[in-house]
> 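Handing you this structure, nothing more for now.
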Amino acid sequence: MNVFALFATRVADALKGLYPSITEEALSRIVVEPPRDAAHGDLSSNAAMVVAKPLGKNPRDVASALADHFKADKDVASVEVAGPGFLNFRLETPIWHDVLKSVAAQGAEFGKSNVGKGERVNVEYVSANPTGPMHVGHTRGAVFGDALASLMAYSGYDVTREYYINDAGSQIDTLARSTMLRYREALGETIEIPSGFYPGDYLVPVGQALKAEFGSTLLDKPEAEALALAKDRVLAAMMDLIRADLAKLNIHHDVFFSERQLHGQGGEVDTTLDWLRSQDMVYQGRLEPPKGKTPEDWEDREQTLFRATNYGDDVDRPLVKSNGAYTYFAADIAYHRNKYLRGFKHMVNVLGADHSGYVKRLQAAVKAVSHGEADIDVRICQLVRLLKNGEPFKMSKRSGDLVQLSDVVEEVGSDATRFMLLYRRNDAAMDFDFAVVKEQTRDNPVFYVQYAHARTYSVFRKVADELPDLDVTPAALAKADLSLLSSEADLELIKALAQWPRIVASAADAHEPHRVAFYLYELASAFHGFWAKGNQDVALRFVNADDSKLTAARLALVAAVRQVLVNGLNLLGVSAPEELS
RNA sequence: GGCCUCGUAGCUCAGGGGAUAGAGCAGCAGCCUUCUAAGCUGUUGGUCGGAGGUUCGAAUCCUCCCGAGGUCACCA
């Protein structure tokens with residue numbers, strides 16, 4: 001049950017009754033939300049102000065008419081018109097108790113919605129080049145994409161989690177050559193790794209595996225053939241590495257889409273280009289060098305260009321390199337056309353900050369290949385600065401070897417890594433301080449939220465101790481007399497729970513998982529606050545040995561808090577421990 | 001030079017058309033014979049980078065400027 005959505009509907013219905021000429025457009029701008037200042041009531045709506053102008057009425061008059069209408073609503077204790085025409089509601093206590101019942105009845109489903117209407121959405125994230133293990137730079141996008149995918153699935157979308165493997169192009173040839181060196185090394189040769197090659201140790205086992213599989217026979221084969229075999233094996237090995245790294249953060253994709261499969265004679269890049277030509281979206285032409293900074297090796301030549309400017313990009317984009325091969329972007333157009341042809345009308349791409357310049361052309365590509373039918377939201381994850389005790393921390397360890405994702409997870413754990421990265425907006429740069437993340441204090445939001453969850457278990461343990469005869473099964477708690485939960489503190493906590501459905505909906509709609517993280521922090525804070533009140537006032541304790549009825553009601557409340565914390569933590573992919581050690 | 005993102009309390013950050021702009025930390029003042037004090041309560045602190053504009057209403061949207069970061073044919 002979503003109290004806010006419920007009243008949004010009631011307000012809209014009331015307006016339709018009062019002003020039959022009202023338009024859907026005006027109604028769609030109505031918001032029902034908690035007022036910024038709780039003293040103004042439980043719910044607040046801008047309805048009168050939004051609707052007044054198109055109706056040619058005074059906002060306060062419309063608000064008064066609505067207020068009169070809601071005086072008859074049995075769930076409404078009072079309605080007030082405030083300021084320029086706000087409508088402030090105070091609700092009767094029973095409706096809040098209904099929220100608790102609804103949490104218990106819906107369990108893990110409480111907060112789920114169907115705003116996605118089962119529509120298919122493709123969320124592409126990580127897509128790190130398969131040239132080595134994941135490093136810290138990839139972590140934020142990985143966690144963000146994963147949480148966003150969960151959030152959208154929870155909100156009724158049919159989500160496909162996808163990883164685009166950039167396994168074509170010259171970097172992969174270099175990777176294959178680097179692997180061949182390690183192969184020679186495994187065969188006993190002394191090797192030197194030229195600059196430009198991949199120096200990482202992680203290729204050593206791949207070289208050894210080649211030796212185990214082929215002995216020394218690869219050396220006798222023509223180079224192209226040997227390289228092709230090496231490429232095949234190293235790509236598989238690198239993807240295994242990457243999958244293992246992702247698994248450490250509990251991240252799993254549904255589809256791994258290989259760029260290689262798009263290339264080749266008659267491949268999808270070919271057919272896509274033919275199609276683009278047939279649509280007159282491609283031409284032969286020249287580009288101006290970028291203003292203010294002409295590259296030294298700038299070569300003014302005629303090239304094959306995609307008419308990106310027709311779709312909102314700043315310049316038209318080359319599709320064919322000077323050596324005749326397709327550009328990365330050409331393959332990317334084919335890839336996104338492939339997504340569209342697979343039936344995705346909604347796409348989300350999670351990219352790193354260094355790709356922000358790529359956004360417009362990607363949007364242009366999607367618009368072009370779908371004739372405007374599909375949409376793509378590109379979410380950019382800004383840089384993460386690693387700190388240790390407030391001091392910047394070197395990202396690269398040895399020569400060209402970056403701090404790896406697995407190093408971070410091993411040091412601080414998956415839960416803390418995920419929560420901290422999600423506790424910031426994706427589009428702002430952030431600091432990640434190892435010292436803070438490992439701290440077990442309020443400074444550390446992960447701990448703070450998990451502690452609240454653990455406390456709910458602590459309460460139940462206490463009950464088992466003090467009131468061993470009390471039936472605390474969900475079925476028994478469902479029968480508890482919730483009307484006993486009438487204190488200010490009780491209602492405040494319930495109202496915090498009532499927020500959950502609208503928080504999820506807004507987070508999914510805005511593609512902003514951090515809203516969930518912030519909400520969980522607030523809910524944890526409300527729960528810890530209630531707990532402390534019990535220290536001052538025995539009547540506010542969750543467990544009252546001499547009042548089993550009140551205790552049962554309070555346990556229903558505690559169970560609901562736990563449920564919402566679990567639902568939220570699940571969305572973020574963070575565990576909900578019963579005890580902290 | 002173009003484009004993208006950001007600029008909110010001393011620090012780290014929420015809020016992204018709505019009422020008197022919030023939280024944590026730091027600072028100050030309190031709370032443990034207690035359901036885990038691994039916690040809680042109160043309090044100090046702001047020209048929302050600057051200037052215009054849009055409107056009933058702007059931290060929020062638009063324009064320009066300043067500052068920080070990223071990026072800039074053919075790499076991926």
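Residue numbers start from 1 in every chain, and the chains themselves are labelled A, B, ... in the order their sequence lines are given, proteins ahead of strands.
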> Quantified in whole Å, what is the P atom distance between nucleotide G7(B) and nucleotide G15(B)?
10 Å

> Do any side-chain nitrogens or oxygens of Ser356(A) fall under 4.0 Å of OP1 or OP2 in C3(B)?
no

> Is it the case that the side chains of Asn88(A) and Glu80(A) hold a donor-acceptor pair, with the cut-off being a distance below 3.5 Å and no angle test?
no

> Using atom C1' in both nucleotides, what's the gap between G16(B) and A59(B) to the nearest angstrom?
8 Å

> Between G10(B) and C66(B), how far apart are the P atoms? Round to whole Å, please.
25 Å

> Heavy atoms only, 4.0 Å cut-off, all strands: where does Gly534(A) land among base, sugar-phosphate and nothing?
base

> Give a yes-or-no answer on whether the side chains of Tyr283(A) and Asp316(A) include a donor-acceptor pair shorter than 3.5 Å.
yes

> Could you check if a side-chain atom of Arg140(A) sits within less than 4.5 angstrom of a side-chain atom of Phe432(A), using non-hydrogen atoms only?
no

> Under a 4.5 Å cut-off applied to non-hydrogen side-chain atoms, are Ser575(A) and Gln450(A) in contact?
yes

> Identify each atom pair where a protein N or O and an N or O of nucleotides 11-18 of chain B are less than 3.5 Å apart, giving names and distance.
| residue | atom | partner | partner atom | Å |
| --- | --- | --- | --- | --- |
| U12(B) | O2' | Arg424(A) | NH2 | 2.8 |
| C13(B) | O2' | Arg424(A) | NH1 | 3.4 |
| A14(B) | OP1 | Arg425(A) | N | 2.9 |
| G15(B) | OP1 | His514(A) | NE2 | 2.7 |
| G16(B) | N7 | Arg425(A) | NH1 | 2.8 |
| G16(B) | O6 | Arg425(A) | NH1 | 3.1 |

> Scan residues 551-562 of chain A against RNA chain B and write down, sorted by residue number, each residue with any heavy atom closer than 4.0 Å; if none is found, say none.
none

> Under 4.0 Å, counting only non-hydrogen atoms across every strand here, what does Lys360(A) touch: a base, just sugar-phosphate, or nothing?
sugar-phosphate

> Would you mind classifying the nucleic acid contact of Ala52(A) as base, sugar-phosphate or nothing, using non-hydrogen atoms under 4.0 angstrom?
nothing

> What is the nucleic acid contact for Thr327(A), judged by heavy atoms within less than 4.0 Å: base, sugar-phosphate only, or nothing?
sugar-phosphate

> Under the criteria of a ring-centre distance below 5.5 Å and an interplanar angle below 30°, is His528(A) stacked with the base of G39(B)?
no

> Donor-acceptor pairs are to be reported for all side-chain atoms of residues 527-540 of chain A against protein atoms at under 3.5 Å, with residues two or more places apart or in another chain.
| residue | atom | partner | partner atom | Å |
| --- | --- | --- | --- | --- |
| His528(A) | ND1 | Arg455(A) | NH1 | 3.0 |
| His528(A) | NE2 | Tyr448(A) | O | 3.2 |
| Asp537(A) | OD1 | Ala539(A) | N | 2.9 |

> Are Leu422(A) and Val516(A) packed together at the side-chain level, in the sense that at least one heavy-atom pair is separated by less than 4.5 angstrom?
no

> Please state the P separation for the pair G50(B) and C31(B) - nearest whole angstrom.
42 Å

> Just call it for Glu299(A): base, sugar-phosphate, or nothing, with non-hydrogen atoms closer than 4.0 Å on any strand.
base

> Assign Asn88(A) to base, sugar-phosphate, or nothing according to its heavy-atom contacts below 4.0 angstrom with the strands shown.
base

